[in-house]
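Keep in mind that this is a model prediction, so the values were computed, not measured.
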Amino acid sequence: MTNATTRRISLALGLGMAAVASAQEVVPVPWNALDPAIPHPAYNGHPTTFKAIARNLPGGCTYAWDYEGDGAYDTGEIAVSDAYNLAQIYTYPFQAVTTTFTAQIRLTCGATVDAGAYPVRVFAGVPSDPSAATSRQLQVMRGVAADDALWWMHLQMT
């Protein structure tokens, strides 16, 4: 039985969350809350902010990001100082064609490890200069800007 199932059963029985022992959890911030598999937009030459939070941490935890999803964790282990901000910034190498990556975040607390997927689609044809962009390319740029702005707001509120 999953932790989420246990929570639902406890709530249904009227026991509340205090009755459920929750395990640590890493939560990659989705582009679309209804479908976390929809990739975050990105484009050549623009830094991508990889966003995640953690829940139920016992302390002494670390996290690492694998930006390209190739199993090589690019950041090394980073000590968790703020469970509501496990973000890192990375600029993908130039992509000649639109490419989707499934980045991974790994949260380690002692012997317990949790991981999450963070899909990113790098749109190859988007220019760095917005005045040279088509309406579709501007849509990608606006999507990236909105994603970054929402994360900035999250950080201000936490």
Side-chain angles (χ1 to χ4, degrees), residues 2-7 21-130 133 136-158:
T2 67
N3 199 24
T5 303
T6 304
R7 280 188 227 128
S22 297
Q24 75 186 37
E25 180 181 22
V26 65
V27 182
V29 175
W31 167 250
N32 182 320
L34 299 177
D35 186 355
I38 295 175
H40 292 259
Y43 55 95
N44 283 329
H46 189 276
T48 300
T49 302
F50 293 79
K51 302 166 279 295
I53 65 166
R55 293 190 260 200
N56 308 314
L57 297 187
C61 300
T62 62
Y63 67 98
W65 281 97
D66 169 8
Y67 302 122
E68 296 182 12
D70 59 6
Y73 282 84
D74 303 288
T75 61
E77 295 296 325
I78 302 166
V80 175
S81 60
D82 178 358
Y84 292 105
N85 183 8
L86 304 183
Q88 291 294 303
I89 297 173
Y90 175 74
T91 303
Y92 280 103
F94 180 86
Q95 302 298 310
V97 297
T98 296
T99 306
T100 301
F101 296 93
T102 302
Q104 300 290 320
I105 182 169
R106 178 182 65 208
L107 176 67
T108 306
C109 299
T112 306
V113 177
D114 190 35
Y118 191 94
V120 177
R121 179 167 293 134
V122 180
F123 290 88
V126 177
S128 57
D129 179 6
R136 172 65 180 130
Q137 293 166 338
L138 284 172
Q139 182 183 23
V140 171
M141 293 174 138
R142 283 191 303 269
V144 171
D147 197 25
D148 289 346
L150 288 169
W151 184 249
W152 180 86
M153 286 176 44
H154 161 77
L155 295 177
Q156 302 314 302
M157 295 173 71
T158 58

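Annotation: the span from Ile89 atom CD1 to Thr49 atom OG1 amounts to 4.0 Å, rounded to 0.5 Å. For the atom pair CD1 (Ile38) and OG1 (Thr100), the distance works out to 12.0 Å, reported to the nearest 0.5 Å. Here the CZ-OG1 distance, from Arg121 to Thr48, works out to 13.5 Å after rounding to the nearest 0.5 Å. Taken from CH2 in Trp152 to CE in Met157, the straight-line distance is 11.0 Å, to the nearest 0.5 Å. Note that OH of Tyr43 is 14.0 Å distant from OG1 of Thr98, once rounded to the nearest 0.5 Å.
For Ala79 against Thr62, the heavy-atom pair with the smallest separation is CA-CG2, 4.1 Å. Shortest non-hydrogen contact noted between Pro58 and Gln24 is CD-OE1, 4.3 Å. For the residue pair Leu86 and Tyr63, the shortest heavy atom distance occurs at O-CE1, 3.4 Å. Summarising the geometry of Thr91 relative to Gly45, their closest heavy-atom pair is CG2-C, 4.1 Å, with the distance given to 0.1 Å. Looking at every heavy atom in both residues, Ala124 comes nearest to Val97 through CB-C, 3.3 Å. Taking both residues in full, the closest heavy atoms of Cys109 and Leu57 are given as SG-CD2, 3.9 Å, listed atom of the first, atom of the second, then distance.
Looking at heavy atoms from C-beta onward, Leu150 lies out of side-chain contact with His154 at the 4.5 angstrom threshold. When side chains are defined from C-beta on, Pro39 does not count as touching Val120, because their heavy atoms never get closer than 4.5 Å. A 4.5 Å side-chain heavy-atom check between Pro93 and Glu68 finds at least one atom pair inside the cut-off. Contact annotation: the side chain of Pro130 approaches that of Leu138 to within less than 4.5 Å [non-hydrogen atoms, C-beta and beyond]. Proximity of Trp151 to Asp148: side-chain heavy atoms (C-beta onward) are nowhere separated by under 4.5 Å. No side-chain heavy atom of Arg142 sits less than 4.5 Å from a side-chain heavy atom of Val140. Counting heavy atoms from C-beta outward, Asn44 and Ser128 have side chains that stay 4.5 Å or more apart.
Under a 4.0 Å N-O distance rule, the pair Lys51/Asp147 qualifies as a salt bridge.
Applying side chain to side chain contact (heavy atoms under 4.5 Å, CB included) to Tyr67 and the options Phe101, Tyr118, Tyr90 leaves one that passes, Tyr90. The side chain to side chain contact (heavy atoms under 4.5 Å, CB included) test with Ile105 singles out one residue from Asp66, Val27, Val26, and that residue is Val26.
Under a 3.5 Å cut-off, the side chain of Glu25 and the backbone N or O of Ala23 do not form any donor-acceptor pair. Side chain of His46 to backbone of Val144: no donor-acceptor contact under 3.5 angstrom is found.
Side-chain atoms of Gln139 and Arg136 include a donor-acceptor pair closer than 3.5 Å.
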